[in-house]
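In what follows, a structure is listed as structure tokens, so that the remarks can point back to it.
The figures here come from the full heavy-atom set of this structure, side chains too, leaving out hydrogens, waters and symmetry mates. Throughout, a chain's letter reflects where its sequence line sits, starting with A, and its residues are numbered from 1. Please read all numbers here as calculations on a predicted model, not as lab measurements.
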Amino acid sequence: MKEIAKAYEASQFEDEIYKKWEKSGAFSGGAKANSKKTPFSIMMPPPNATGTLHLGHATMLALEDTMIRYKRMAGFDALWIPGTDHAAIATQSVVEKKLQSEGIKNPREELGREKLLAEIRKFVEKSQGTIRNQVKKMGSSCDWTREKYTFSDEMNESVNELFKMMYDDGLIYRGGRIVNWDPKMQTTVADDEIEYVEEKAEFYTFKYGPFEISTSRPETKFGDKYVVMHPDDKRYKKFKHGDTFECEWINGNITATIIKDKAVDPKFGTGVMTITPWHDLTDFEISQRHDLDKEQVIGYDGKLLEIAGEFAGMKISDARPKIVAKLAEKGLLVKVDENYIHNTAKSYRGQGQIEPQIMEQWFVDVNKKVVDWKGKKLSVKEVLQDTVKTGMINIIPENSEKIYFHWIDNLRDWCISRQIWWGHRIPVFHKNGEMKVSVTSPGKDWEQDPDTLDTWFSSGLWTFSTLGWPKKTEDLMRFTPSDVLETGYDILFFWVARMILMSTYALRKSGFSEEKSIPFKNVYLHGLIRDIHGKKMSKSRPETCIDPLDMIAKYGTDAVRLSLMIGSTPGNDMRLYEEKIGGYRNFVNKIWNGSRFVMMNLDENSSLDPKTFSRADKWILTRLNEIIKKVTKSLDNYQFSEAGTTIYDFFWGDYCDWYVEMSKVKKNSAVLKHVLETSLKLMHPFMPFVTEAVWADLNSTLLITESWPELNKKFNFESESEELERIIEVVTAIRSLRAESKVDATKKIHAIIYAHEDLKLVEEKSEIIKRLANLGELEISKDGEKIDKAISTFVKDIEIYLPLADLIDFEVEKIRIQKEIENLENFLKSLQTKLNNPGFVKNAKPEVIEQEENKEREASQKIEKLKIQLTNLQ
RNA sequence: GGGCAAUUAGCUCAGUUGGUUAGAGCGCCACAUUGACAUUGUGGAGGUCACAAGUUCGAAUCUUGUAUUGCCCACCA
């Protein structure tokens, strides 16, 4: 006989159970050939191979594992492909910092490309192992035999292949454009990867010929020789477009040209500005429109160039005050506003100050119509819109779709080249000014472009490259499109939209139908996890951070999973705090202890025979059917919080607190076991470890491969349970009465109910009552006599309340019926109004009208019935 | 400036087609506890469902407006 632990120690079970699952092959969905089951697949959003698992990952893993386990039990070939992401900029930045802390001041110069890449590779390999273990810690039932990495050789092949396809289609082009240059990381940064930080800065107004112009960036103004104003601005009517004038400027005289352009806001400042096309997007666009000269002022290293004259070679921060001083000396400084608030652009990754620059970069043209889509040629932008608009892809929560469309409307060409080393190298080769795009190197004397691709370019292929594309593998044919993409709403644009773009383009090109070329059918966006004050958890404030691994060590994986899923609805942020996890740990323990108790009370001879069912048995079985229905429906509708709460309430409130307690008086072992087993199945997707641990003591099979419970029609005893519900109502009334009269006798209320209903049926019970009534006073002082504990407690209450119960019963029933009649009559009235409305009759579908008529009939029948009941009572 | 949301008990949050008396967990108060479980049980207090108007027999739920909070996008020299 095993020693029975008082509490469930998660750490003693979890690793062992995970190994058992892995060994059983349960994770490899659809691995069997010729499977007739319906496929269900999820590609895990790959965590960065840089660090450790955070709460965002934990949430994602918990939700996806719940879906996968549910579908697996429900008879699908459930495939969940795990992987890691090389996260180009983030990883290189981390490793460079690490090397710097080890004394290598400038890793890129000192080590060179190959050696630095080797360092990064070494680092990634190590942290991949860490991530893998942490994913396992969460209980993730993903198929490790199909694990993928965004920077593997196969992935590289897929990326190169796609690049070439897009290039050949003219979708990828090279051009000089304003890009967001990060002088710190020496690379470009995508628009989406920029954060604007509000800063107080000095805002200068200078004299510029006959005008006054304002700027917060005097250091860019050296080359400014165009002065721009709105064409309709009356103040400057006398100046004509194209007019020139001489004026004194920073380094001597210049010739300025007047340009009229609508981009200027006449209400801002003086309504006049000078432009710096090389370092500002708006200015660049103006200069493109009027075909103006563009001059570089700031170098890629963030220092001023020759054009700055005496200031050349200086850093911006050093040069700015000196330039202002010089202009002031010349009498050109009009005023300084020191409280000017403006937004400065910072890199989302490295927090470096962004300096717009014109550079030759690679772009994806989002407006070129090259995709064969439903009989037309569409641009990738149009396909992005169509997939969601037509419901081919369903985004949860629904309102995210609006955000998605809004983003697409503002979408510009996507700059895909990056000047860092860690990442997929652009498959472009150069030889003596010649250029060739090729999947593999065209020859020894060809040199590959030094730039790499934006990490989202390769991540965009994730859903189909993980299945083997461009090879038409069995997996690709079977599992595309995947069923759900589950991720945080913060990367809807970064990633989700790009996957749709890449997948539809690549798979249409490979001959897949429109329906088969989308990356996924559903997108489920979870919210961000915040701390108890609703603040974002950030690494810079470690006290706000909750480490999922610490929590797992302390409370167990199941508790962590539940606390991340319950109370979280799609698209909404959720606050997490340790007490919440502790609460769910208590639930895990409740399952363990409840199950222990049931196991100790099992009777092997008992069988599930409706003839032996007491009312309590019928009630719990009916309830169980309701719960199966509700949990299944919630899971099918991605309502994980709802499903989790439902089963939590049922197991703790109905099963443990009511039914198991009742069974201490009178038990049906078979029902006890049946309900426990079914509950374990229902709970398994949410809390796989504890349910599997308990299951192991009940059965020799593995719970993970058991099938999902179905409704058992034989166990629907609604008419009987209705009666029981009524008794519960009576007892509720007793409770409130007891509170009023302050009778100081509390006992488990379910015992009363049980006795109450059974007293009418079982004569032996009244024997017991009599016996105890003979004792006279039933009030027993705390240190009083010892009487038979097995019966005394509940009988005491019954003795006191039973006479009252009948009275209350009568009154409660009367009020209840009256109220119900009233409600039904109102309901009926509203139905009749609706049915008499000619507009409704004319426009509604016939089946809707029929439905309403049925409702009407049912309601009036019920009213009749209730009225008879009421008369009988009076 | 444009857009998206949120506002329900002291705290954190559910509440999906409008329907009996608005729920849970935590916290608080009282009581119980030789029990499978103090990681427990029972009961209680605590809500003008942000505010206002409207639709309806009936509104936390639908409409409009107001307030507050949060987020996203764009960005002006």
Looking across every strand, which nucleic acid part, if any, lies under 4.0 Å from A:Asp280 by heavy atom: base, sugar-phosphate, or nothing? sugar-phosphate
To the nearest angstrom, the CZ-P distance between A:Phe587 and B:rU40 comes to 12 Å
Margin query: Suppose you measure atom C1' in B:rA77 against the same atom in B:rC71; what distance do you get, rounded to whole Å?
Written below: 28 Å
Atom CG of A:Leu562 and atom C1' of B:rU12 are separated, to the nearest Å, by 16 Å
### Message
Can you check the distance between B:rG19 and B:rC26, where both ends of the measurement are the P atom (answer in whole Å)?
### Response
28 Å
More than 12 heavy atoms of other residues, nucleotides or ligands under 6.0 Å from NZ of A:Lys260: is that the case? yes
| field | Test side chain to side chain donor-acceptor pair (under 3.5 Å) applied to A:Ser641 and A:Ser568, step by step | value | CA-CA 6 Å; A:Ser641 178; A:Ser568 155; over 6 Å; no
Separation of B:rC75 atom P from A:Ile354 atom CD1, nearest Å, is 13 Å
Legend entry - Separation of the C1' atoms in B:rG15 and B:rA52, to the nearest angstrom: 24 Å
Atom CE of A:Met565 and atom P of B:rU12 are separated, to the nearest Å, by 23 Å
To the nearest angstrom, the CZ-C1' distance between A:Arg575 and B:rC26 comes to 15 Å
Determine the Euclidean distance between corresponding P atoms of B:rC31 and B:rA22; express it in Å to zero decimal places. 29 Å
- request: With heavy atoms under 4.0 Å as the rule, sort A:Thr569 into base, sugar-phosphate or nothing.
  value: sugar-phosphate
Open item on the list: Could you tell me how far B:rU17 sits from B:rU61 if I compare only their C1' atoms? Round to whole Å.
Closed with: 10 Å
Across every strand shown, the nucleotide meeting Watson-Crick or G-U wobble geometry with B:rA77 (both distances under 3.5 Å) is none
Quiz item: How would you label the contact of A:Lys580 with the nucleic acid (heavy atoms, under 4.0 Å): base, sugar-phosphate, or nothing?
Solution: nothing
- Message: Applying a 4.0 Å non-hydrogen cut-off, can you work out what A:Ser641 is touching in the nucleic acid: base, sugar-phosphate, or nothing?
- Response: nothing
Under 4.0 Å between any heavy atoms, over every strand shown, what does A:Gly583 touch: base, sugar-phosphate, or nothing? Just pick one. nothing
Mate of B:rG65 across any strand shown (Watson-Crick or G-U wobble, both atom pairs under 3.5 Å) is B:rC51
Paired to B:rG19 by Watson-Crick or G-U wobble criteria (both distances under 3.5 Å) is B:rC57
The single option from A:Tyr208, A:Phe211, A:Phe222 that satisfies ring pair (Phe, Tyr, Trp, His ring centres under 6.0 Å) with A:Trp249 is A:Tyr208
Tell me yes or no: between the side chains of A:Asn589 and A:Tyr555, is some donor less than 3.5 Å from an acceptor? no
Rounded to whole Å, the CZ-P distance (A:Phe640 to B:rC13) equals 20 Å
- Task: Take atom P in B:rA59 and the same atom in B:rA50, then report the distance between them in whole Å.
- Result: 15 Å
Mate of B:rC71 across any strand shown (Watson-Crick or G-U wobble, both atom pairs under 3.5 Å) is B:rG3
Mate of B:rC26 across any strand shown (Watson-Crick or G-U wobble, both atom pairs under 3.5 Å) is B:rG10
With a 3.5 Å cut-off and no angle check, do the side chains of A:Thr276 and A:Asp224 form a donor-acceptor pair? yes
>> Counting the atoms with a prime plus P, OP1 and OP2 as sugar-phosphate, which does A:Lys221 contact under 4.0 Å by heavy atoms, base, sugar-phosphate, or nothing?
In response: sugar-phosphate
Hey, what's the ring geometry for A:Tyr648 with A:Phe587, parallel, tilted or perpendicular (30° and 60° as the breaks)?
tilted
Between NZ of A:Lys225 and P of B:rA77 the distance, given in whole Å, is 23 Å
Practice item. Would you classify A:Thr282 as touching base, sugar-phosphate or nothing, given that sugar-phosphate means primed atoms plus P, OP1 and OP2, and contacts are heavy atoms under 4.0 Å? Key: sugar-phosphate
Q) Reckon A:Ser568 touches a base, only the sugar-phosphate, or nothing at all at heavy-atom distances under 4.0 Å? A) nothing
Would you measure the distance from the P atom in B:rG27 across to the matching atom in B:rG41 and give it in whole Å?
12 Å
